Amino acid sequence: MDNQFFKNIEKKTGVNMKDVFDLANSLQGANFKDEKTVRNVIRRVSQIANKPVNKETEDKIVKSIVSDGKQLDFNTISKMLNKR
């Protein structure tokens with residue numbers, strides 16, 4: 001992880017890129033119709049981003065992904081977090 005590009009991202013965001021890559025790897029093959037899996041992903045993203053997610057927001061994100069079939073990606077979660 002000595003790529004300067006990723007180091008610059010880490011400096012600007014304060015987010016450890018190794019954590020992001022570990023999360024991305026753990027998502028491969030994950031069942032996003034499973035509420036427990038989706039909640040775990042939301043909590044991990046929240047922790048990595050150092051941005052707490054309250055229960056109400058977490059419930060909305062879970063419903064949106066599990067029930068409504070929205071795709072789970074960082075943009076979707078980020079948009080939902082910023083709406084609160």
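Along the sequence shown, residues are numbered consecutively beginning with 1. Given the structure is predicted, the values throughout are model-derived calculations rather than measurements.
Distance alone, capped at 3.5 Å, is enough to place a donor-acceptor pair between the Glu10 side chain and the Met17 backbone. In terms of modelled atom types and a separation under 3.5 Å, the side chain of Ser64 and the main chain of Lys60 share no donor-acceptor contact.
The shortest distance between side-chain heavy atoms of Pro52 and Gln47 does not fall below 4.5 Å. By the 4.5 Å heavy-atom criterion applied to side chains, Val20 and Phe6 are not counted as neighbours. Contact of the Val45 side chain with the Val41 side chain is registered, since non-hydrogen atoms from C-beta on lie closer than 4.5 Å. Looking at Val15 and Ile9, their side chains never come closer than 4.5 Å, going by heavy atoms from C-beta outward.
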- Test side-chain contact (heavy atoms from CB on, under 4.5 Å) on Arg44 and Ser26 and set out the steps. CA-CA 11 Å; Arg44 286 187 67 194; Ser26 74; 3.0 Å; yes
- Message: For Asp34 and Val38: C-alpha separation, side-chain torsions, deciding distance, then whether side-chain contact (heavy atoms from CB on, under 4.5 Å) applies.
- Response: CA-CA 6 Å; Asp34 176 54; Val38 174; over 6 Å; no
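Separating the CZ atom in Arg39 from the OG atom in Ser46 is a distance of 13.0 Å, to the nearest 0.5 Å. With rounding to the nearest 0.5 Å, the separation of OG1 in Thr57 from CD1 in Ile42 is 9.5 Å.
Looking at Asp19, Asn16, Thr13 one by one, the single match for side chain to side chain contact (heavy atoms under 4.5 Å, CB included) with Ile48 turns out to be Asp19.
A donor-acceptor pair shorter than 3.5 Å can be found between the side chains of Asn8 and Gln4. Residues Asn40 and Thr37 bring no donor and acceptor atom of their side chains to less than 3.5 Å of each other.
For Lys55, the salt bridge (Lys or Arg N to Asp or Glu O under 4.0 Å) partners are Asp59, not counting sequence neighbours.
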